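Here is the structure we will look at.
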Amino acid sequence: MHRTHTCGELTLNDLGKEVTLAGWVQKSRDLGGMTFIDVRDRYGITQLLFNMDDNAGLCEQARGLSREFVIKVTGLVVERSNKNPKMPTGDVEIKVTKLELLNAAKLPPFLIEEETDGGDDLRMKYRYLDLRRSPVRNNLILRHKMAQEVRKYLDAQDFLEVETPVLIKSTPEGARDFVVPSRMNPGEFYALPQSPQTFKQLLMVSGFDRYFQIVKCFRDEDLRADRQPEFTQIDCEMAFIEQEDILNTFEGLIRHLFKAIKDIDIDAVPRLYYQDAMRMYGSDKPDTRFGMLFTELNEIVKGHNFPVFDGAELVVGVNASGCAHYTRKQLDELTDFIKRPQIGATGLVYCRYNTDGTLKSSVDKFYGEDELKKWAVAFNAQPGDLMLIMAGPTEKVRKQLNELRLEMGNRLGLRDKNKFSPLWVLDFPLLEWDEETGRYHAMHHPFTSPKPEDIALLDSNPGAVRANAYDLVINGTEVGGGSIRIHSRDLQSLMFKHLGFTPEEAQKQFGFLMNAFEYGAPPHGGIAFGFDRLVSIFAGLDSIRDVIAFPKNNSGKDVMIDSPATISEEQLKELCIKTTV
Ligand code: ASP
């Protein structure tokens, strides 16, 4: 038997037992007469004691063990004289009677402890060693638990888990596809799914009613901290439902997860229309852990000969409560922050509402105290507050002020990782204008249903058509999104027409779906959650990388297995791929 117990479970209740443990040497301390070794496995760490007086040979053997050697020990559970209250096993140690070296190890390239000295690149190259560290391992344990709870909840709601293919066909769904050459069909390619969207809709046509899948999706996009070329979705679809049913079902899922995993009770999830989210927060994924809502000022600031405000489409600001004491230097920092190229604002106007009741702005030349009082009323500001104001084209200035609001939230410590504020954002626009291609694109995807009352606007004012589309946002991160789908062939054809497809193109790419709609398609809709993001939020992490066992780096590379990599001439030939390299 390799072990009778794990390295995480022995306590004072086990005193006197003879046990066998197996694991990795984390640390060893040689105190002359005694040698202590910490042995680690997935479950925890237990201290081993080797006593020179008891067994000099064994003690010598123990001294020869280095970090990460794999060992098996047998011994007695005894009470420690020097207890460690921080460890579950910290009251006991094992007085070792037998030691077996199962495998030696090279010195690891970084410390395999809670805190490590290894840089990102090194840890990625030796990911299998990084995964031995408890913080990384705990993220994967959390991920596992969340996946189990998702299955439990959805199964109880009669959802069926159905697998859909990974080798599919390239379709325009927003991002670029990863493609796979077909050896048996020279010159032809499969694509890896960006999501199982069309398949889950076909499952609804097949009568499956409630489908889910925890599924890998692939998008060939430029990477950011919260993006990976392959990622996991909790993908769901339901038939014979309305938007309200979807919102209730998946709000239930989120509440179940918070309760089961974190023992947190989430109140009913508030709902905000897209238009209001943009107006009040300048973002379709507002962080609602804190207030600091936008105040629009056009009506009170225009007409005072301040050209920046007079010429702007929108003058809008936030009230940073309690920040009137901000120094010139701090205000300059904020101005520099919004002027960074990523944000691109031209300037910041501020107005201090001093604690003595006086008002002082950076544009005193144009606005007297009486005017500033009106500002304070509009902002609902109190003495001690600081009003921060920006001006510009509506959409742009809202986005810029959103960045400033989030920055102020950070500075004021309002974005607590242990606080969770979910929000539904509803009624997204159906289409969005794309400057680059000079035409409209589906904001969610082309299968999303317009609101029936807005269909008439498709010809006259396409940008104003609202969709039955919704996102679930937690703490300013979009964790899920979905829509009620089109289920009639005619409406789907019309949609493709508005997206610039000829009838032939639409038929070639999506004929299979439109044909299916002619064989009795029920009304249906669904949603998909970014599982990696959801886990990272539960884990309190900014990046999804640490909740993925073997992630890729920012260049889309797996530096451990060294992928992507070239393939042999022979393979290329077999695939009928000619290269110039
Ligand atoms: N397939 C969509 C996505 O990946 C989600 C959905 O509409 O259900 O974003």
Side-chain angles (χ1 to χ4, degrees), residues 150 154 159-166 168-178 191-205 208-221 226-239 241-243 245-251 253-254 274 284-285 424-432 441-451 466-474 477-487 492 495 499 509-510 513 521-534 544:
V150 167
L154 291 175
F159 281 78
L160 293 173
E161 187 165 11
V162 182
E163 288 169 88
T164 53
V166 172
I168 64 166
K169 173 169 92 163
S170 186
T171 56
E173 213 187 311
R176 248 177 243 114
D177 285 322
F178 281 102
L192 305 182
Q194 295 186 29
S195 83
Q197 185 61 37
T198 49
F199 289 98
K200 66 174 172 174
Q201 291 192 240
L202 292 170
L203 285 171
M204 294 305 110
V205 179
F208 278 83
D209 213 57
R210 289 175 170 219
Y211 140 96
F212 86 101
Q213 185 179 191
I214 299 183
V215 61
K216 270 290 172 74
C217 302
F218 307 85
R219 294 183 192 174
D220 189 3
E221 293 176 301
D226 58 349
R227 286 221 180 123
Q228 284 276 312
E230 53 178 300
F231 59 98
T232 306
Q233 284 191 342
I234 310 168
D235 191 46
C236 312
E237 196 77 4
M238 301 169 84
I241 44 82
E242 286 169 4
Q243 174 166 303
D245 302 301
I246 303 247
L247 300 185
N248 289 332
T249 304
F250 292 99
E251 186 166 324
L253 171 64
I254 291 299
Y274 170 88
D284 59 3
K285 40 178 188 294
W424 285 112
V425 179
L426 307 179
D427 291 6
F428 273 78
L430 182 72
L431 303 166
E432 82 188 318
H441 283 269
M443 192 151 179
H444 188 49
H445 52 54
F447 318 108
T448 294
S449 169
K451 282 199 173 285
R466 290 166 306 160
N468 276 323
Y470 33 79
D471 274 358
L472 186 81
V473 176
I474 301 179
T477 299
E478 178 206 327
V479 296
S483 60
I484 298 300
R485 326 296 185 190
I486 294 168
H487 65 281
Q492 190 64 69
M495 206 46 227
L499 293 169
Q509 296 204 25
F510 295 110
L513 185 69
H524 61 286
I527 191 165
F529 293 91
F531 186 52
D532 312 281
R533 279 192 197 176
L534 200 57
I544 61 172

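Counting from 1, the numbers follow the sequence of the chain as shown. We use all heavy atoms of the structure for the numbers below, so side chains are in, but hydrogens, waters and symmetry mates are not. Owing to the predicted nature of the structure, the values given are computational and were not obtained by experimental measurement. As the structure lists them, so they are numbered: ligands from 1, and atoms in each ligand from 1.
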>> Check this for me: Phe208, atom CZ, are more than 12 non-hydrogen atoms of other residues, nucleotides or ligands nearer than 6.0 Å?
In response: no
>> Looking at Glu161, I want to see if its CD is surrounded by more than 12 non-hydrogen atoms of other residues, nucleotides or ligands under 6.0 Å.
In response: yes
Check each atom of ligand 1 against the heavy atoms of [X] and keep those under 4.0 Å away; list them by number with element.
| X | answer |
| --- | --- |
| Gln233 | 3 (C), 4 (O) |
| Lys200 | 6 (C), 8 (O) |
| Gly482 | 6 (C), 7 (O) |
| Arg219 | 3 (C), 4 (O) |
| Ile527 | 8 (O) |
| Ser195 | 1 (N), 4 (O) |

With nothing but distance in play, are any N or O atoms of [X] less than 3.5 Å from an N or O of ligand 1?
| X | value |
| --- | --- |
| His444 | yes |
| Gln197 | yes |
| Arg485 | yes |

> Where does Glu478 meet ligand 1, judged by heavy-atom distances below 4.0 Å: at the side chain, the backbone, both, or neither?
Replying inline: neither
> Going by heavy atoms, is Gln201 under 4.0 Å from ligand 1?
Replying inline: no
>> Minimum heavy-atom separation for Pro522 and Ala239, please, with both atom names.
In response: CG-CB, 3.9 Å
> Listed by chain and number, what are the side-chain contact (heavy atoms from CB on, under 4.5 Å) partners of Glu432, not counting sequence neighbours?
Replying inline: Met443
>> Among residues at least two apart in sequence or on other chains, which ones pass side-chain contact (heavy atoms from CB on, under 4.5 Å) with Ile168?
In response: Pro165, Pro193, Phe199
> Any ion pair linking Lys451 and Asp427 (charged N to carboxylate O, less than 4.0 Å)?
Replying inline: yes
> With no hydrogens and no angle check, do the side chains of Thr164 and Gln213 hold a donor and an acceptor under 3.5 Å apart?
Replying inline: yes
>> If you define the side chain from C-beta out and look only at heavy atoms, does anything of Leu192 sit under 4.5 Å from Glu230?
In response: no
